[in-house]
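The structure appears below as structure tokens.
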Amino acid sequence: MTTEHDIAPPGAAARPTTGRAPRRPRALGGAAARLAFLGPGIGYLIVLLIVPLALIVGYTVFRRGRFGGVVYEATTENFTRLFDPLYFDIVVSSVRTATLTTLIALLIGYPTAYVIAGLPRKWKTIALVAIVLPFWTNFLIRVYAWVILLSGPGLVNETLTGAGLIDEPLQLLYNQGTIVTGLLYSYLPLMVLPLYAAIERLDPQLREASANLGARPVRTFWSVTLPLTLPGVLTGCVFVFVPCLGNFVIPEILGGGRSIMVGNLIRDQFLKARDWPFGSTLALAVIAVLVLLLFVQAWAARINGGAEDRRA
Amino acid sequence: MPRRRLIYVPFWATYVFLYTPIVVLVVMSFNAGKSPYVFEGVSLKWYGELAGDDTVLHGLVNTLIVAAGSTVLSTVLGTLLAVGMARHSRSRLLDALGLLPAVLPDLVLAIGLLVFYAAVKMTLGLHSVILAHTVFGLAFVAAVVRTRLVHADTSLEEASRDLGASPLTTFVRITLPTLAPGIAAGALLAFTLSLDEFVIAFFTAAPTEPTLPIVIYSMVRFGVTPEINALATILLAVSFTVIIVAQRMTRLTESLS
């Protein structure tokens, strides 16, 4: 179906006949239509998202009941416990693990996205689909695959002994490195995609100009390419960091239950210890880290945006 | 020249890293032996075992019920919300509310819903998972439909209004047909996400009615059996087919329009 409007250039529909902004045109009805469209969705999100989050925040100041449940008696003991080294160290080490995973993902993901962005059109699509494909398979099975690969008689040890590099199978499973590998494997596509989008948008003329002005490739990368793709870098980092921090499945399957993360701690407070107030406090700590991260991201994006304005 | 080649090392490393585990899983699913590590010859026996596994089949049926239910709810609520957000609201707060389920860690949403269900004394079952999956499902549907709305031409809707059609008529006769491809894409996304969702289902499902990811979780936790490899291979084949078909279909519709 082709109407005249489909052929009209973008923005033509917003010709100043009415003087309206093109994106948010006049409401199509009064308050009744507003309510009919927005009411159900907002209502649903308030009841099943905002209220549950409010409950978590509220529970942090109450005491646990003797048989689970909550006694509505105000206390600060949950927060005192949070800063007990026994728990606080786990929160800190989880942040460290998530940060390490994010950095490695960035180091591998950036060159990968860079190469993909430079491929011919047909290969570009194939390369991108190949990045996303593993992501659409069951998450638990992808993690489980590493148990097979890294176990004593698994492929990695077989290859290493076969090549004569080692005599005895290495203990590759159930340590911090295994957890990072699993996290990296699960969330690397989330780093590559925003990076690809950012690099793809980059005007190749800028790099040419930099080279023509005598900058060597390394200098061009640090002064032109990287600063201009920083928003993509930040988005990718948030996309990887967030699911890493709250994860409890990967530490459990690949960490062997010995090296736990804050996600395991939260899960156990809810399903085993039945200490919901303390579990809520730990969840609030995770939320606090993420909010901090989003603020940093917004701040860095604004600084970067300002730099771009000056350049323009 | 060798310097330029250097950048291909992480590029190829990424693909080797992503696909080695998958290849090993698939190869091992045809293993005749009992070991999940050592290949002892080709056989389909683990696929046979899988077909006779009632727990897996029960989980699969539950997953399909949950995915279908939450997709219907998500699509209706998400589409209405997207239209409302694009045409009836300028609120930044509302935009943030719509994005929240997508950026919130699944574990936080999961425990929040568990606490909420307990507070309103709702029993857990498949319905509690359907309601839970709709929270993120509707957010994704709304996001997908909205991108289409932003690019959509509003003059048809305005013409319809100017000619005296009621908001409802305009919505049903003009807005919905224009949005149909976006709604379909959003529904497909909600369905796929629900099929694979584990954490929220783990907290909100009744122990007697596990979804397939919960069944896989207990299989993976309590012992390594080649049956998991067979299941993994089937799931891989299904996902890959769906993605390739979807890819072809988008290309087809693009070339048609």
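Residue numbering restarts at 1 for every chain, and letters A, B, ... go by the order of the sequence lines.
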At a heavy-atom distance under 4.5 Å, which candidate from [options] has the highest pair count against chain B?
| options | result |
| --- | --- |
| A:L140, A:V132, A:I50, A:L55 | A:L140 |
| A:L49, A:V129, A:T125 | A:L49 |
| A:G39, A:A113, A:A145 | A:A145 |
| A:G41, A:A36, A:P111 | A:P111 |
| A:N247, A:V192, A:I131 | A:I131 |

Taking only residues two or more places apart in sequence or in another chain, which ones pass side-chain hydrogen bond (donor to acceptor under 3.5 Å, both in side chains) with B:S160?
-> B:T170
Of the non-hydrogen atoms in [X] and [Y], which two are nearest, and what is the gap between them?
| X | Y | result |
| --- | --- | --- |
| B:P101 | A:L45 | CG-CD2, 4.1 Å |
| B:L77 | A:P40 | CD2-CB, 3.5 Å |
| B:Y8 | A:V115 | CE2-CG1, 3.6 Å |
| B:I130 | A:Y44 | O-OH, 4.5 Å |
| A:L38 | B:G84 | CD2-C, 3.4 Å |

I'd like a table of donor-acceptor pairs (distance under 3.5 Å, sequence neighbours excluded) in which one partner is a side-chain atom from residues 277-290 of chain A, with atom names and distances.
{"from": "A:S280", "atom 1": "OG", "to": "A:W276", "atom 2": "O", "distance (Å)": "2.8"}
{"from": "A:T281", "atom 1": "OG1", "to": "A:P277", "atom 2": "O", "distance (Å)": "2.8"}

Roughly how far, to the nearest 0.5 Å, is the [atom2] atom of [Y] from the [atom1] atom of [X]?
| X | Y | atom1 | atom2 | result |
| --- | --- | --- | --- | --- |
| B:E197 | A:F139 | CD | CZ | 10.5 Å |
| B:I22 | A:L149 | CD1 | CG | 10.5 Å |
| B:L18 | A:Y185 | CG | OH | 6.0 Å |
| A:M191 | B:T14 | CE | OG1 | 11.5 Å |
| B:L97 | A:I42 | CG | CD1 | 6.5 Å |
| A:Y144 | B:L231 | OH | CG | 10.0 Å |

Determine whether more than 12 heavy atoms belonging to other residues, nucleotides or ligands lie under 6.0 Å from atom CZ of A:F239.
-> no
Residue pair [X] / [Y], side-chain heavy-atom distance below 4.5 Å:
| X | Y | answer |
| --- | --- | --- |
| B:W12 | A:T112 | no |
| B:L104 | A:L53 | yes |
| A:L133 | B:L236 | no |
| B:Y117 | A:L48 | yes |
| B:F17 | A:L184 | yes |

So which residue, [options], ends up with the most heavy-atom pairs under 4.5 Å with chain A?
| options | value |
| --- | --- |
| B:L81, B:V135, B:V115 | B:V115 |
| B:D106, B:L168, B:L109, B:L94 | B:L94 |
| B:P10, B:G98, B:P21 | B:P21 |

Which bit of [X] comes within less than 4.5 Å of chain A, counting heavy atoms only: side chain, backbone, both or neither?
| X | value |
| --- | --- |
| B:T134 | both |
| B:V103 | backbone |
| B:L131 | both |
| B:L113 | both |
| B:F198 | side chain |
| B:L235 | side chain |
| B:A13 | neither |
| B:L25 | side chain |

With distance as the sole test, does B:Y19 use its side chain to make a donor-acceptor pair with the main-chain N or O of A:A130 at under 3.5 Å?
-> yes
Hey, is the main chain of B:F11 close enough, under 3.5 Å, to the side chain of A:Y114 for a donor-acceptor pair?
-> no
Begin from the C-alpha positions of A:L271 and B:F202 and carry the test side chain to side chain contact (heavy atoms under 4.5 Å, CB included) through to its verdict.
-> CA-CA 10 Å; A:L271 298 185; B:F202 183 62; 3.5 Å; yes
Begin from the C-alpha positions of A:I141 and B:I216 and carry the test side chain to side chain contact (heavy atoms under 4.5 Å, CB included) through to its verdict.
-> CA-CA 8 Å; A:I141 286 175; B:I216 295 173; 3.9 Å; yes
Taking side chain as everything from C-beta outward and backbone as N, CA, C, O, which of these in [X] sits under 4.5 Å from a heavy atom of chain B? Side chain, backbone, both or neither.
| X | answer |
| --- | --- |
| A:A127 | both |
| A:P134 | both |
| A:V249 | side chain |
| A:I266 | side chain |
| A:F248 | side chain |

Before giving the answer on side chain to side chain contact (heavy atoms under 4.5 Å, CB included), spell out for B:L195 and A:N138 the whole-Å C-alpha distance, their side-chain angles and the decisive distance to 0.1 Å.
-> CA-CA 9 Å; B:L195 277 188; A:N138 186 276; over 6 Å; no
